[in-house]
Undergrad: 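Encoded as structure tokens, here's the structure I'll be asking about.
Counting from 1, the numbers follow the sequence of the chain as shown. Below, each value reflects all heavy atoms present in this structure, side chains not excepted, and no hydrogens, waters or symmetry copies.
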Amino acid sequence: MGIASQDATKQFQSLIDQFDEPLHNSFKNVHQGFPNETLVRFLKARDWNVAKAHKMLVDCLNWRLQNEIDNILTKAIVPTDLYTAIRDSQLIGLSGYSKEGLPVFAVGVGRSTFDKASVHYYVQSHIQINEYRDRVVLPSATRKHERHIDTCLKVLDMTGLKLSALSQIKLLTIISTIDDLNYPEKTDTYYIVNAPYIFSACWKVVKPLLQERTRRRVQVLQGCGRDELLKIMDYASLPHFCRREGSGSSRHSNPGTDNCFSLDHTFHQQLYNYVKQQSSSFRTITPIKQGSFHVDFPEPDDGDSKIVQTIESEFHKFGDRNGLSHSLSGLEINGD
């Protein structure tokens, strides 16, 4: 870290020292014992502008307080059938770790349907995975490797991406905006695999709209990406859809594969049991109102809105070229 960066961090720290107790307590849940490294993440997200990074962090902490994010891991999604349905339609899981110890999260973008519950349940589920990653997975990796690990890798499987994905754009924008504003700089690299033509067409026009910092993090790999990914992780940590060409991101495990999207996978069992245990402990103190956990949705900035509009436009163009425009007319871009 250069002298200018160190100065910025010191200035930022002096502002943090002025926080009141509620903000300080929430900040502890965010930094998990590494306050300086956390300040650096927020500074990076705002190009080392101390004033902007300070506002971003204050807004983040107020969002956490107003929406009880610090307690979200005590808010179990019940009944079990609903949680299972969410896991089966919001495909994400921890497939393993890179050779450097970074958690590898697999995301089934193309085959996530988000059609089994309201938008609030999917947002709750996403934030719970974020918080479990930050409070349990990353600290565990830090202890194991005896060095601070605060980022992960994500492998995004585009298998099955269709025009119907247009109906999910609002929800995906909400999730992306929550991550950008409240969990900045948590993903080291995004690896795109099994990309169909429709993704390639969108990527060509969206890529120039992204900030340079974001563009550098995205790598579009050939096919299932197996050979490239094996340079940074062992075979056992490869997501199941990367283990052989054409395997796809099936919701259910094929014989001999370890499907990290499945509720039976070790990661999801540990997450489910952790939230269940936290919920039981918390219930003895405070009665919990069952139902979805509503979180205030932040507004995307102008840049994100432009990206969404561009994606919608490209999807429509693709549909028109392939005589599929009629299939888009029935889609509703809404959350619930």
Undergrad: Checking side-chain polar atoms at under 3.5 Å, does H126 have a donor or acceptor matched by the opposite partner on D179?
TA: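 Per modelled atom types, H126 and D179 side chains form a pair under 3.5 Å.
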
Undergrad: Are there more than 12 heavy atoms of other residues, nucleotides or ligands under 6.0 Å from atom NZ of K186?
TA: yes

Undergrad: Using distance alone, with no hydrogens and no angle criterion, decide if S89 and Y122 have a side-chain donor and acceptor under 3.5 Å apart.
TA: yes

Undergrad: Atom NZ of residue position K99 - does it have more than 12 heavy atoms of other residues, nucleotides or ligands inside 6.0 Å?
TA: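 Correct, the count exceeds 12.
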
Undergrad: How about E100: does its CD atom have over 12 heavy atoms from other parts shown lying under 6.0 Å from it?
TA: no

Undergrad: Same cluster or not: are L23 and F34 linked, directly or through other Ile, Leu, Val, Met, Phe, Trp or Tyr residues, by side-chain heavy atoms under 4.5 angstrom apart?
TA: no

Undergrad: Is it the case that atom CD in Q277 sees more than 12 heavy atoms from other parts of the structure closer than 6.0 Å?
TA: no

Undergrad: Drop me the distance from K170's NZ to I175's CD1, to the nearest 0.5 angstrom.
TA: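 Answer rounded to 0.5 Å: 13.0 Å.
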
Undergrad: Strictly below 4.0 Å, N to O, side chains only: are R213 and D47 in salt-bridge contact?
TA: yes

Undergrad: With a 6.0 Å cut-off on ring centres, are F261 and H268 close enough?
TA: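 Distance test on ring centres: not under 6.0 Å, no.
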
Undergrad: Looking just at side-chain N and O atoms, do Q90 and S125 make a donor-acceptor pair shorter than 3.5 Å?
TA: yes

Undergrad: Answer yes or no: are there more than 12 heavy-atom neighbours, outside E146 itself, under 6.0 Å from its atom CD?
TA: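 Count not over threshold, so no.
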
Undergrad: Consider salt bridge (Lys or Arg N to Asp or Glu O under 4.0 Å). Of D134, D59, D70, which one does R64 pass it with?
TA: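 So, applying the salt bridge (Lys or Arg N to Asp or Glu O under 4.0 Å) to R64 and each of D134, D59, D70, only D70 qualifies.
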
Undergrad: Determine the interplanar angle of the H31 and F27 rings, folded into 0 to 90°, and report it as parallel if under 30°, tilted if 30 to 60°, perpendicular if over 60°.
TA: perpendicular

Undergrad: Please walk me through it: do Q270 and V136 pass side chain to side chain contact (heavy atoms under 4.5 Å, CB included)?
TA: CA-CA 10 Å; Q270 292 175 342; V136 178; over 6 Å; no

Undergrad: Between D258 and R243, is the salt bridge (charged side-chain N to carboxylate O under 4.0 Å, His left out) condition met? List the steps.
TA: CA-CA 10 Å; D258 188 12; R243 295 188 175 184; 5.1 Å; no

Undergrad: Knowing that exactly one of Q13, H54, K44 qualifies, which makes a side-chain contact (heavy atoms from CB on, under 4.5 Å) with L39?
TA: Q13

Undergrad: Once rounded to the nearest 0.5 Å, what's the spacing between atom NZ of K75 and atom CD of Q124?
TA: 9.0 Å

Undergrad: What are the two closest non-hydrogen atoms of M158 and A195, and how far apart are they?
TA: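 Where M158 meets A195 most closely, the heavy atoms are CB-CA, 3.8 Å.
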
Undergrad: Are Y183 and E131 close enough that a side-chain donor and a side-chain acceptor fall under 3.5 Å?
TA: yes

Undergrad: Of all heavy-atom pairs between N29 and Q32, which one has the smallest distance, and what is that distance?
TA: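 Between these two residues, the closest heavy atoms are O-NE2, 3.0 Å.
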
